[in-house]
Amino acid sequence: MALIPILLYPDPRLHKVAKPVQAVDARIHRLIDDMLETMYDANGIGLAASQVDVHERLVVIDISQERDQPLVLINPEIVWASEEMHLNEEGCLSVPGIYDGVERASAIKASALDRSGQRRTIEADGVLAVCIQHEMDHLLGKVFVQYLSPLKRNRIKTKMLKLAREESR
Ligand code: K1U
Ligand code: ZN
């Protein structure tokens with residue numbers, strides 16, 4: 001297994017739209033293992049393939065305290081979303097150190113292939129619902145800061161570019 005570098009906002013590659021996974025084969029199994037290792041190493045609760053510069057519809061999630069309940073979503077689709085919305089504090093491994101409120105559906109049903117290529121339906125609310133919607137946005141090339149005001153987004157962009165410049169010195 002290997003750690004994969006995570007793209008940092010405002011890297012334009014974060015805005016590419018991911019394509020469906022064509023086959024759940026050995027390459028995808030290796031990518032899943034590497035993404036899980038990368039997510040655990042970064043103390044994240046989710047990671048989308050887009051964040052590691054692989055533009056295919058694959059997401060890994062683990063919201064458990066023990067970090068031992070990985071969830072793998074391949075070609076996920078939201079098949080139902082509640083009308084009820086909820087404002088949640090979100091973070092993103094591609095925008096480290098930034099947290100802000102985003103309004104999303106309180107509960108969802110998603111359909112996806114699991115690691116063995118079996119289709120599953122996932123019913124989610126709370127943190128899991130937030131995380132699935134956040135990760136599926138990544139697959140569409142959308143980063144959570146795009147829900148914030150232009151003023152906040154520009155401040156975040158400036159801060160991230162300054163950090164990147166300092167780190168490259
Ligand atoms: O997509 C990502 O970058 C992962 C992201 C997932 C996420 C967290 C919180 C709300 C929505 C989506 C993270 O894991 S950010 C990491 C983090 O700081 C965090 C970890 C646990 C709970 C809350 C935030
Ligand atoms: Zn994110």
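As the structure lists them, so they are numbered: ligands from 1, and atoms in each ligand from 1.
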Counting each atom of ligand 1 from 1 as listed, which ones have a heavy atom of Cys92 under 4.0 Å away?
3 (O), 15 (S)
Flag if over 12 foreign heavy atoms under 6.0 Å of CD, Glu89
yes
Taking only Lys NZ, Arg NE, NH1 and NH2, and the carboxylate oxygens of Asp or Glu, determine whether Asp137 and Arg104 approach each other closer than 4.0 Å.
yes
Can you find a protein heavy atom under 4.0 Å from atom 5 (C) of ligand 1?
yes
Closest approach of any protein heavy atom to atom 13 (C) of ligand 1, naming residue and atom
Ile45 N, 3.9 Å
Going through the distances and angles, do Glu90 and Val130 end up as a side-chain contact (heavy atoms from CB on, under 4.5 Å)?
CA-CA 8 Å; Glu90 295 194 14; Val130 174; 3.5 Å; yes
Taking the basic N atoms (NZ, or NE/NH1/NH2) and the acidic carboxylate oxygens, is any pair closer than 4.0 Å for Asp33 and Arg115?
yes
Measure the distance from atom 3 (O) of ligand 1 to every protein heavy atom, then report the residue, atom name and distance (to 0.1 Å) of the closest one.
Leu93 N, 2.6 Å
Counting only heavy atoms closer than 4.0 Å, does ligand 1 sit against the backbone of Glu135, its side chain, both, or neither?
side chain
To the nearest 10°, how many degrees is the angle His134 NE2 to the Zn ion (ligand 2) to Cys92 SG?
120°
Need the ligand 1 atom indices (1-based, order shown) with element for anything under 4.0 Å from a heavy-atom of Val130.
11 (C)
Nearest neighbour in protein (non-hydrogen) for atom 18 (O) of ligand 1:
Tyr99 OH, 3.0 Å
Of His134, Glu90, Gln133, the residue with the heavy atom nearest atom 12 (C) of ligand 1 is His134
Please confirm whether Gln51 comes under 4.0 Å of ligand 1, counting heavy atoms of the residue only.
yes
To the Zn ion (ligand 2), the closest N, O or S atom belonging to His138 is NE2
Output yes when a side-chain donor or acceptor of Ser94 lies under 3.5 Å from a complementary backbone atom of Leu8, and no otherwise.
no
Side-chain donor-acceptor distances from residues 158-169 under 3.5 Å, at least two apart:
| from | atom 1 | to | atom 2 | distance (Å) |
| --- | --- | --- | --- | --- |
| Thr158 | OG1 | Asn154 | O | 2.8 |
| Ser168 | OG | Ala164 | O | 3.4 |
| Ser168 | OG | Arg165 | O | 2.9 |

For Asp34, the option from Ile4, Val54, Val60, Val52 that meets side-chain contact (heavy atoms from CB on, under 4.5 Å)
Ile4
Which is it for Ser111 and Arg119 under the side-chain hydrogen bond (donor to acceptor under 3.5 Å, both in side chains) test, yes or no, and what are the steps along the way?
CA-CA 7 Å; Ser111 171; Arg119 183 155 295 279; 2.7 Å; yes
Would Arg27 and Glu56 satisfy salt bridge (Lys or Arg N to Asp or Glu O under 4.0 Å), going step by step from the backbone distance to the final call?
CA-CA 12 Å; Arg27 179 183 69 89; Glu56 295 178 59; 2.9 Å; yes
If we only consider heavy atoms of Leu47, is any one of them less than 4.0 Å away from an atom in ligand 1?
no
Which atoms of ligand 1 are found less than 4.0 Å from any heavy atom of Gly44?
14 (O)
For atom 9 (C) of ligand 1, the closest protein heavy atom turns out to be Gly91 N, 3.7 Å
